[in-house]
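Only one structure is covered here, and it is reproduced in the block below.
By convention in this document, chain letters (A, B, ...) are assigned in the order of the sequence lines, proteins followed by strands, and residues within each chain are numbered from 1.
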Amino acid sequence: MHPALSIIVFTTLSGMGYGLAALLGLGLFDPAALATKIGYVLALALIAGGLVSSTLHLGNPQRAWRALSQWRTSWLSREGVLAILAFIPLTICAYAAIFHDRHLILPGLAAAGLGLVTVYCTAMIYGSLKTVQLWSQRLTPVTYLLFALASGATLGTLLAVSGAAQPWLIAFLAVSFTVAAWLAKRRWRNDGKALAPLSTPETATGLGSIGRVRLFERPHINDNYLTREMGFQVARKHADKLFGIAILLGGLIPAALVVVAALAAGAMGPGLTAFLAAFLAVLSHYAGVFVERWLFFAEARHAVMNYYGR
Amino acid sequence: MTSLPSLPTPKKLGLVIDLDVCVGCHACVISCKEWNTGGYGAALSDQDPYGADVSGTFLNRIHSFEVLPEGAEKIGETGDARIVHFPKSCLHCEDAPCVTVCPTGASYKRSDDGIVLVDEDMCIGCGLCAWACPYGAREMDLAAGVMKKCTLCVDRIYNETIAEIDRVPSCVRTCPANARHYGDLADPQSHVSKMVAARDGFDLMPEQGTKPVNKYLPPRARTALAESAIPLAENSAGASGFFAWLDGMLERI
Ligand code: SF4
Ligand code: SF4
């Protein structure tokens with residue numbers, strides 16, 4: 001599948017935003033601290049930025065509101081509805097924290113819950129597509145949720161070492177979610193690659209009873225919408241290397257930096273060392289998750305390619 | 001509404017495509033594009049139409065496949081490889097995954113005749129339905145930003161302003177080899193249903209669970225090339241009548 005920049009940016013940024021919103025909503029941060037107030041603004045900005053980015057790939061974005069109507073059958077529609085619903089309690093919490101130094105328990109829980117359900121819906125847009133076997137695995141939503149929480153907690157560590165919360169608590173969550181996310185992801189990738197193809201050129205053409213089927217001539221010499229959108233291929237050897245880079249950037253380095261940040265904050269209190277370590281952790285983590293998300297698309301094979309010999 | 005009709009549709013209008021007959025001439029591709037670029041919804045645009053990188057929106061495309069008999073690595077090793085021309089357009093699936101994923105309600109399946117359509121005024125061009133279709137039957141029009149797909153020529157088949165003989169999909173009307181047939185596959189007495197029954201018509205990718213309405217008829221078994229070779233001139237074993245007499249006479253000279 002073609003890894004569209006707008007969708008990668010959308011799923012990674014909004015994932016980070018919802019992950020942070022979940023921690024904020026659970027009341028793990030001190031609402032009186034300046035860093036917490038900034039955290040709320042960041043979470044809202046990340047989610048909004050992601051949503052705007054997701055409309056960029058639409059052919060007719062001016063009608064995007066229509067996408068809220070078919071929540072009965074469509075995960076994409078459910079995602080849109082929940083994203084808007086999640087905004088309401090999150091904005092209320094942000095208001096209470098920013099202007100009244102207060103944490104509201106019920107709206108907080110609602111913001112955390114609705115945000116995570118939104119991430120689940122995003123994952124199920126992909127997870128419900130039988131045409132893309134790699135995606136239709138049960139672990140797909142698990143990886144999306146864990147990466148959202150890992151991203152949120154890594155960003156949360158930056159806030160925590162800036163005085164918003166107990167650094168070691170948030171750092172512990174960040175390391176745990178990061179480890180869990182990559183373990184789930186590795187399992188997902190290995191399982192997905194081991195699956196026998198559901199559809200083959202033989203089943204696609206129904207000619208398997210005569211023999212082995214091979215594309216002789218494609219419909220047109222040049223690429224078309226289908227081959228551009230669904231025929232993206234990445235060399236296996238490069239994909240494996242990129243996956244290694246993603247684990248390094250998105251897992252090992254940020255986990256180590258988060259620990260350094262928590263230790264530094266514990267030893268010296270909030271200071272430049274802790275801030276820098278946590279800041280670099282966020283950057284590295286995002287880069288790693290970005291590569292992970294790129295591979296999520298680039299490595300996925302669509303059933304229609306059985307008609308195109310790819 | 002992107003919920004599928006809850007009951008089986010009383011009519012299942014669709015196509016039956018005979019893979020034994022299709023000669024891969026692409027006439028249906030052209031007639032489809034011509035009819036539909038001026039008919040239902042936005043025109044079927046082309047990008048870079050006169051340049052080297054030309055591409056465009058098509059609702060019907062012909063692939064050609066080579067089928068190698070079991071055990072063969074190269075053509076001609078075991079039996080004969082054969083080329084099968086393979087027209088492909090929307091199969092108007094009963095369990096159409098393209099419809100249920102649509103967030104806007106633009107994609108729908110008609111509850112009376114089962115035709116799957118896109119209401120282009122509602123389509124936001126998100127492309128999800130094209131991802132959900134295993135057959136590559138939906139293509140985004142890059143100029144209009146909306147999803148295009150085969151309408152089964154809904155603007156011909158019910159059109160009383162055109163001659164009755166023309167009230168079939170444009171591809172069916174055009175096919176010079178008569179490889180494409182249109183009818184109601186819910187009616188066991190229709191000519192298309194009879195054809196499917198007689199020729200063991202099949203579904204594409206049944207494992208995807210889409211229950212396509214359109215059916216394909218398999219290529220008929222063929223005599224191997226070696227068996228149908230013209231007998232050598234030396235061989236007169238099968239001669240009878242005048243030729244047997246002539247054969248005997250000439251033998252004696
Ligand atoms: S062939 Fe594809 S576009 Fe047509 S109804 Fe089936 S799934 Fe939908
Ligand atoms: S591209 Fe249009 S028809 Fe297809 S799913 Fe999106 S809104 Fe629905």
Would you name the heavy atoms of [X] and [Y] that are closest together and state the gap between them?
X	Y	result
A/H57	B/C126	NE2-O, 3.5 Å
B/Q208	A/L198	NE2-CD2, 3.8 Å
B/D121	A/R66	O-NE, 3.9 Å

Only pairs of heavy atoms separated by less than 4.5 Å count here; which of B/F58, B/W131, B/Y216 has the most with chain A? B/W131
Heavy-atom proximity to chain A below 4.5 Å, by part of [X]:
X	answer
B/A144	backbone
B/P134	both
B/C102	backbone
B/V84	side chain

Just by modelled atom types, is the [Y] backbone N or O under 3.5 Å from a matching donor or acceptor in the [X] side chain?
X	Y	value
A/R63	B/C123	yes
A/N222	B/V54	yes
B/S64	A/F216	no
B/T100	A/T73	no

Can you pull out every salt bridge (charged side-chain N to carboxylate O under 4.0 Å, His left out) where at least one residue sits in residues 131-141 of chain B? Sequence neighbours excluded, please. B/R61-B/E139
Sort by residue number and list every residue of residues 17-29 of chain B having at least one heavy atom under 4.5 Å from chain A. B/L19, B/H26
If you count heavy-atom pairs within less than 4.5 Å of chain B, which of [options] leads?
options	answer
A/E229, A/R218, A/R78	A/E229
A/P201, A/S69, A/A67	A/A67
A/N60, A/L76, A/I125	A/N60
A/V213, A/T205, A/D223	A/T205
A/T55, A/V132, A/L226, A/L68	A/L226

Enter the distance from [X]:[atom1] to [Y]:[atom2] here, rounded to the nearest 0.5 Å.
X	Y	atom1	atom2	result
A/I210	B/F65	CD1	CZ	12.5 Å
A/L207	B/R82	CG	CZ	9.0 Å
A/H220	B/S55	NE2	OG	9.5 Å
A/L129	B/C133	CG	SG	11.5 Å
A/E217	B/F86	CD	CZ	15.5 Å
B/T57	A/N224	OG1	CG	9.5 Å

Check whether any side-chain heavy atom of B/P103 lies under 4.5 Å from a side-chain heavy atom of A/S74, and answer yes or no. yes
Could you tell me whether the side chain of A/R214 reaches within less than 4.5 Å of the side chain of B/L68, counting heavy atoms only? yes
Sort by residue number and list every residue of residues 301-310 of chain A having at least one heavy atom under 4.5 Å from chain B. A/H302, A/A303, A/V304, A/N306, A/Y307, A/Y308
Does any backbone or side-chain atom of A/I7 lie under 4.5 Å from a heavy atom of chain B? Answer side chain, backbone, both or neither. side chain
Residues 200-207 of chain B, side-chain donor-acceptor partners within the protein, below 3.5 Å, at least two apart:
{"unit_1": "B/D203", "atom_1": "OD1", "unit_2": "B/K215", "atom_2": "NZ", "d": "2.7"}
{"unit_1": "B/E207", "atom_1": "OE2", "unit_2": "A/S199", "atom_2": "OG", "d": "2.6"}
{"unit_1": "B/E207", "atom_1": "OE2", "unit_2": "A/T203", "atom_2": "OG1", "d": "2.7"}

CZ of A/R228: more than 12 outside heavy atoms within 6.0 angstrom? yes
